[in-house]
Number of protein chains: 2
Amino acid sequence: MKSKESQTVIDPTTEEKIRIAARKVFTQKGYGAARTRDIAQEAGINIALLNYYFRSKEKLFEIIMLESMQGFIHSISGVLNDEQTSLQEKIQILVSNYIDMLTIQPNLPLFVLSELRSNPQELILKLNFKEKLIHSHFFVQLQQAIQEGKIPPIHPLHFIMNIMGMIIFPFIGSPILKNIGDLEEKTFNELMQQRKILIPKWIEAMMNVK
Amino acid sequence: MKSKESQTVIDPTTEEKIRIAARKVFTQKGYGAARTRDIAQEAGINIALLNYYFRSKEKLFEIIMLESMQGFIHSISGVLNDEQTSLQEKIQILVSNYIDMLTIQPNLPLFVLSELRSNPQELILKLNFKEKLIHSHFFVQLQQAIQEGKIPPIHPLHFIMNIMGMIIFPFIGSPILKNIGDLEEKTFNELMQQRKILIPKWIEAMMNVK
DNA sequence: AAATAATTTAATCAATTGATTAATAAAATA
DNA sequence: TATTTTATTAATCAATTGATTAAATTATTT
């Protein structure tokens, strides 16, 4: 019953199918353990097509990695640079968006962090993470709050570490945490939803520590 | 000048050499990306010896993984079950010990968490993480504090997530964090030392959030 | 339709990888 | 010392892996 008119959602092109499959396999297994054959099978295509479209496993990987990180950076840079919101509001939105993203892609952080550990230099430089964060409105507000004495004068990175740690770690450690807490997927996700409200409060409380 | 008498530090046995090398390579690359030849070279032995002593790459891996996790669990279970210390004191000691350990073995968490994600069931069950933590004096104290109203009635796992997240994440994300903060290894470690004092304070503050 | 270009497949290659074997060396035992 | 066991090596195997090729199919252009 699939008429031409109803086909508003067209099939992904071969190239897209490969990209989607590659993202899945790379994210699950990491570059070194991922097999091009796994990717081909996942995409339902011949292995040769992978090389036809992307030249090599490595080239394909670089594209996937860049896409993943750019998507992430893009998704937060809007929030970080909204000049209409306060520091607290930014944190609220950031936490909420981030948790939603990780609920959908729980394997992403472990993948990115693992590969950044083996690749470090090139990727980080290419993304220019540092500039984007440090020159953000968020960062200016953070340092301003420190100067005004509203926040204790500790290294701003401590806050970054704490926010990211509290958001990301539960997803990275979910197998252990689910085991410890006897949690089903559903209950785990409920806890994550609670954290959207709780983490900003916790951060707020931490910021008032002498 | 190495006389028989002065040889108080004996050379590691071949088996130990392999174990040490395997721990290093597996920790750096993960199971799938690690090559037995890398391990053999790192250990300075013939590849055949690896199989002679450990049967297979997989068997070797299981041993290394079990050792790593048991070492970790053993190191914290003493603290968790010390009946002489308060909840706050336990957290202080835990944070301090943990940070010291990760300063020496910064790759450990990413390795363990990555492998737990692909293996989940067997390893976690074998270690019986859950029982050890839930039946610990620490956990009893935590739940008691909640019942006495000293701590808000949220799921105890939230605290576990926060403590672990704040401790572990900086090490997992060190490549990005060092880049963002323009940190040398030395400065990074100084921040980690600061966190020994700060994290317990932050946890304390969080516990008083309504 | 004919010709050309783009896409896809099956078969295959060379390199890598985990593992084994047979021979040798070293150590332990009788 | 002779013999047996343990440890080690070089060579090799079969399977896997990333990649290529040449042929076949499909789409596009002329």
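Sequence lines set the chain letters: A, B, ... in the order given, protein chains first and strands last, and positions in each chain run from 1.
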Note to self: What is the separation between atom CG on A:Leu49 and atom P on C:dT8, rounded to the nearest whole Å?
What the structure shows: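 It works out to 5 Å between those atoms.
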Next item on the list: Sort and list the pairs that fulfil salt bridge (Lys or Arg N to Asp or Glu O under 4.0 Å) and have at least one residue in residues 157-166 of chain B, not counting sequence neighbours.
Entry: none
Item checked: Stretch residues 14-26 of chain B: residues that reach within less than 4.0 Å of DNA chain C through a heavy atom ->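 Result for residues 14-26 of chain B: none.
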Margin query: Among residues 28-44 of chain A, which ones have heavy-atom contacts with DNA chain C below 4.0 Å?
Written below: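 When residues 28-44 of chain A is checked for heavy atoms under 4.0 Å from DNA chain C, there are no hits whatsoever.
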Next item on the list: Give one of base, sugar-phosphate or nothing for B:Tyr53, where a contact means two heavy atoms less than 4.0 Å apart.
Entry: sugar-phosphate
Next item on the list: With heavy atoms under 4.0 Å as the rule, sort A:Phe54 into base, sugar-phosphate or nothing.
Entry: nothing
Notebook entry, point to check: Listed by chain and number, what are the ring pair (Phe, Tyr, Trp, His ring centres under 6.0 Å) partners of A:Phe72, not counting sequence neighbours?
Noted result: A:Tyr98
Notebook entry, point to check: Nucleotide by nucleotide, 5' to 3', does protein get under 4.0 Å of the base (B), only the sugar-phosphate (S), or neither (-) in nucleotides 21-27 of chain C, counting heavy atoms?
Noted result: B------
Note to self: I'd like to check the side chain to side chain donor-acceptor pair (under 3.5 Å) partners of A:Thr85; sequence neighbours left out, ordered by chain and number.
What the structure shows: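 Testing A:Thr85 for side chain to side chain donor-acceptor pair (under 3.5 Å), a comparison that skips the adjacent residues, returns A:Lys90.
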Checklist line | With A:Glu89 via side chain to side chain donor-acceptor pair (under 3.5 Å) - residues at least two apart | finding: A:Ser86
Next item on the list: Of all the heavy-atom pairs spanning A:Asn81 and A:Ser136, show the shortest one and how long it is.
Entry: OD1-CA, 3.1 Å
Margin query: My understanding is that only residues two or more places apart in sequence, or in another chain, count here; which of them pass side chain to side chain contact (heavy atoms under 4.5 Å, CB included) with B:Glu58?
Written below: B:Tyr31, B:Ser56, B:Glu62
Item checked: Which residues share a side chain to side chain contact (heavy atoms under 4.5 Å, CB included) with A:Ile197, sequence neighbours left out ->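 Side chain to side chain contact (heavy atoms under 4.5 Å, CB included) check on A:Ile197 returns A:Lys201.
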Output a table of donor-acceptor pairs, distance under 3.5 Å, between side-chain atoms of residues 13-26 of chain A and any protein atom two or more places apart or on a different chain; print 'none' if there are none.
residue	atom	partner	partner atom	Å
A:Thr13	OG1	A:Glu16	N	3.1
A:Glu16	OE1	A:Thr13	N	3.0
A:Arg19	NE	A:Glu67	OE2	3.4
A:Arg23	NH2	A:Glu67	OE1	2.3
A:Lys24	NZ	A:Glu42	OE2	3.0

Margin query: Working to the nearest 0.5 angstrom, can you tell me the gap between A:Phe139 CZ and A:Leu133 CG?
Written below: 5.5 Å
Margin query: Could you check whether B:His135 and B:Glu131, counting side-chain N and O atoms only, form a donor-acceptor pair closer than 3.5 Å?
Written below: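 Indeed, the side chains of B:Glu131 and B:His135 share at least one donor-acceptor pair under 3.5 Å.
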Item checked: Nucleotide interval of DNA chain D bounded by contacts with chain B (heavy-atom cut-off, under 4.0 Å) ->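 Terminal contacting nucleotides, 5' to 3': D:dT6 to D:dA10.
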Next item on the list: Decide side chain to side chain contact (heavy atoms under 4.5 Å, CB included) for A:Met192 and B:Met161; before the verdict, give the C-alpha distance in whole Å, the side-chain angles of both, and the deciding distance to 0.1 Å.
Entry: CA-CA 11 Å; A:Met192 294 307 110; B:Met161 291 176 185; 3.6 Å; yes
Check: Below 4.5 Å, heavy atoms only, C-beta onward: do B:Ile199 and B:Gln194 meet side chain to side chain?
Finding: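 SC-SC contact between B:Ile199 and B:Gln194 ruled out.
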Run the side-chain donor-acceptor check on residues 164-182 of chain B: report pairs under 3.5 Å with partners two or more places apart or on a different chain.
residue	atom	partner	partner atom	Å
B:Ser174	OG	A:Arg117	NH2	3.3
B:Ser174	OG	B:Phe171	O	3.3
B:Lys178	NZ	B:Glu185	OE1	2.6
B:Asp182	OD2	A:Lys130	NZ	2.8

